[in-house]
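See structure below.
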Amino acid sequence: MPPSLPTPATRTPLDPFLSQKLRFWSLMAMVLLIYVHAYNLHPRYLQPFTPVQEPLSAGTWLQYFLANGVLRFRIPILFAISGYLFARHEGTAPHAQRVKRRLRTLGLPFLLWSLIWLGVLWVLEQFPVTRQAVVDAEISPFWPRQLLSQYSVGELVQRWLLVPAPFQLWFLRSLLVCNLAYPWLRTAIVRRPAIYFSVAALLWFFMVPLPLVEGDGLLFFGLGVWLAVRNQDVLTRPRWVRLWLLGGLWLGSAAVKTWLAFHVGPPFSLPVALTMLALHRVGEISGMLVAWFGLNGLVRGCMARGWFRWLTGFSFMIYVLHVPFVNYATELVLRYGRPLPHLHVLTYLLLPLLVIIVSVGVGALLRWAVPGVYAVLTGGRGLATS
């Protein structure tokens with residue numbers, strides 16, 4: 001018989017420290033997301049095997065090492081958290097009712113923020129300075145034209161629904177699909193875990209394109225579901241998790257991949273690309289394990305502070321506002337700050353902090369002034385004040 005979760009009446013409450021860890025990493029994953037998307041070297045669009053077309057220096061090396069190496073575990077940990085929480089709440093309501101709620105908390109914010117950013121883009125294109133920043137940012141590699149004025153009505157609808165300007169919204173879309181398909185995913189995970197995770201791992205590793213959902217979601221959302229269904233202790237570090245070894249793999253894989261990015265190609269050969277892809281995947285897995293099991297002291301220290309707990313309420317606002325905000329702001333800073341030394345690395349390190357401040361400020365203002373609107377835009381997230 002497949003294992004089943006406890007009923008709502010018998011399910012134990014979430015451990016207080018586990019609840020803190022989930023809130024902490026939900027915020028920190030968004031912060032790390034900004035530092036991944038704030039990458040300002042060429043080419044701008046990062047894939048696991050993207051080379052660097054810039055001279056090697058301490059600043060360029062650091063950017064690639066962080067943005068396309070050490071920090072890339074942020075999406076896997078978000079999917080795992082989402083799968084774990086969704087499975088833990090199984091039985092609290094019929095699946096159809098849960099789906100209806102997810103359409104409100106995931107689908108509606110996706111549509112609204114994609115539309116809002118289309119409106120912002122249109123405004124930015126009306127002024128020469130910001131119009132050029134939009135072009136220079138090159139955040140739409142899937143579209144040959146960067147400006148909305150060059151699109152037909154049908155293409156604008158596609159930009160709204162399929163390839164939004166805030167490209168990070170793909171996570172909401174993929175998560176929504178996983179939630180909709182939860183009964184079937186859970187059945188496959190429980191009855192044939194070896195087959196499910198083998199297939200999902202291959203799709204994830206080789207970046208196999210799937211309609212509306214990515215391998216990252218299938219693998220790590222599935223991992224969270226598996227942990228919840230088995231009632232697995234996710235706080236105690238397993239004996240096989242050797243933090244010093246995993247820490248070495250995490251940092252070492254990022255360092256080797258960074259070296260390859262500067263010293264091999266372009267054009268890249270297939271063996272080099274696959275090597276960088278493999279290093280990327282090793283870094284994602286090892287980084288997630290080190291972060292979850294090795295940074296408990298950091299979690300406790302941060303969550304003991306009221307201001308940090310307050311910040312966790314704005315994780316979603318940071319998520320939806322940081323792209324393309326950080327991309328356009330980067331282009332403006334690089335254009336008008338040219339005389340400054342070490343401009344690229346300083347922009348990379350400092351501009352995300354400004355993005356966080358602005359995002360939290362906008363979120364706090366909306367929550368105070370128009371809480372109903374804020375609730376709709378965030379899917380009901382972050383309404384508590386502490």
Does Ser174 use its side chain to pair, donor to acceptor, with the backbone of Val213 at less than 3.5 Å?
no
Looking only at side chains, do Glu90 and Tyr182 share a donor and an acceptor under 3.5 Å apart?
yes
Could you state the interatomic distance from CG (Leu321) to CD1 (Ile356), rounded to the nearest 0.5 Å?
12.0 Å
Of Val99, Leu103, Leu106, the one forming a side chain to side chain contact (heavy atoms under 4.5 Å, CB included) with Asn179 is Leu106
Please examine the side chains of Leu66 and Leu62, heavy atoms only from C-beta on, and report whether any two atoms are closer than 4.5 Å.
yes
If you define the side chain from C-beta out and look only at heavy atoms, does anything of Met276 sit under 4.5 Å from Pro48?
no
Is the centre of the His280 ring less than 6.0 Å from the centre of the Phe49 ring?
no
Under 3.5 Å, is there a donor-acceptor pair between the side chain of Lys21 and the main chain of Trp292?
yes
Is the shortest side-chain heavy-atom distance between Phe293 and Leu246 below 4.5 Å?
no
Using a 3.5 Å distance criterion without hydrogens, assess whether the side chain of Arg237 forms a donor-acceptor pair with backbone atoms of Val241.
yes
Separation of Arg159 CZ from Leu161 CG (nearest 0.5 Å)
11.5 Å
Kindly assign one of parallel, tilted or perpendicular to the pair Phe316 and Tyr319, based on the angle between their ring planes and the thresholds 30° and 60°.
tilted
So, taking the atom named OH in Tyr39 and the one named CG in Leu46, what distance separates them when rounded to the nearest 0.5 Å?
5.0 Å
Donor-acceptor contact present, side-chain Lys257 to main-chain Ala278, <3.5 Å
no
In terms of hydrophobic clustering (I, L, V, M, F, W, Y; side-chain heavy atoms under 4.5 Å; direct or indirect links), are Val326 and Val333 co-clustered?
no
Indicate, with yes or no, if the rings of Tyr374 and Trp368 have centres closer together than 6.0 Å.
no
Pair Arg72, Arg281 - check side chain to side chain contact (heavy atoms under 4.5 Å, CB included), show working.
CA-CA 9 Å; Arg72 301 292 281 198; Arg281 296 314 192 196; over 6 Å; no
Would you please test Leu124 and Arg131 for side chain to side chain contact (heavy atoms under 4.5 Å, CB included) and show each step?
CA-CA 6 Å; Leu124 293 177; Arg131 177 187 177 98; over 6 Å; no
Once rounded to the nearest 0.5 Å, what's the spacing between atom CZ of Phe17 and atom CZ of Phe24?
9.5 Å
Measure from the side-chain N and O atoms of Arg101 to the backbone N and O of Gln97, and report whether any donor-acceptor pair falls under 3.5 Å.
no
Main-chain N/O of His89 paired to Thr92 side chain as donor or acceptor, under 3.5 Å:
yes
Looking only at the side chains, is there a donor atom on one of Thr60 and Ser57 sitting less than 3.5 Å from an acceptor on the other?
yes
Under 3.5 Å: donor-acceptor pair, side chain of Arg381, backbone of Thr105
yes
Answer yes or no: is there a donor N or O on one side and an acceptor on the other, between the side chain of Ser114 and the main chain of Trp160, under 3.5 Å?
yes
Check: Phe171 ring centre within less than 6.0 Å of Phe79 ring centre:
yes
May I ask you to check whether over 12 heavy atoms, not counting those of Arg192, lie within 6.0 Å of atom CZ?
no
Set of ring pair (Phe, Tyr, Trp, His ring centres under 6.0 Å) partners for Tyr196, sequence neighbours left out
none
Report the residue from Glu54, Glu138, Glu331 that forms a salt bridge (Lys or Arg N to Asp or Glu O under 4.0 Å) with Arg44.
Glu331
Is Arg74 salt-bridged to Glu284, going by a charged N under 4.0 Å from an acidic O?
no
Check: Leu334 and Asp136 side chains under 4.5 Å, non-hydrogen atoms
no
For the hydrophobic clusters of this structure (ILVMFWY residues joined by side-chain heavy atoms under 4.5 Å, transitively), does one cluster hold both Val129 and Val134?
no
If two hydrophobic side chains count as joined below 4.5 Å and joins carry through other members, does Trp117 share a cluster with Phe127?
yes
Verify the cluster assignment for Trp170 and Val208: are they in a single hydrophobic cluster under the rule of side-chain heavy atoms below 4.5 Å apart?
yes
Keeping Gln126 on the side-chain end and Trp122 on the backbone end, is there a donor-acceptor pair under 3.5 Å?
yes
To the nearest 0.5 Å, tell me how far Leu270 CG sits from Leu277 CG.
10.0 Å
Can you confirm if the NZ or CZ of Arg98 lies within 45° of the ring axis of Phe86 and under 6.0 Å from the centre of its six-membered ring?
yes
Any Leu219 side-chain heavy atom under 4.5 Å of Leu203 side chain
no
Donor-acceptor pairs under 3.5 angstrom involving side-chain atoms of residues 336-354: please list them, not counting sequence neighbours.
unit_1	atom_1	unit_2	atom_2	d
His344	ND1	Asn40	OD1	3.0
Thr347	OG1	Leu343	O	2.7
Tyr348	OH	Tyr35	O	2.8

Would you say the side chain of Arg367 lies within less than 4.5 Å of the side chain of Met317, judging by non-hydrogen atoms?
no
Inter-residue atom distance Leu218.CG - Leu185.CG, 0.5 Å rounding:
6.5 Å
Could you walk me through whether Leu249 and Ile285 satisfy the side chain to side chain contact (heavy atoms under 4.5 Å, CB included) test, starting with their C-alpha distance in whole Å, then the side-chain angles of each, then the deciding distance to 0.1 Å, before giving a yes or no?
CA-CA 9 Å; Leu249 285 173; Ile285 297 295; over 6 Å; no
N/O donor-acceptor pair under 3.5 Å between Trp113 side chain and Leu377 backbone:
yes
Shared hydrophobic cluster for Val70 and Leu245 (ILVMFWY, side-chain gaps under 4.5 Å):
no
Would you check if Phe110 and Pro164 make a side-chain contact, meaning some heavy-atom pair closer than 4.5 Å?
yes
Using side-chain heavy atoms (C-beta onward) and a distance below 4.5 Å, is Leu311 in contact with Ile318?
no
With no hydrogens and no angle check, do the side chains of Asn327 and Thr330 hold a donor and an acceptor under 3.5 Å apart?
no
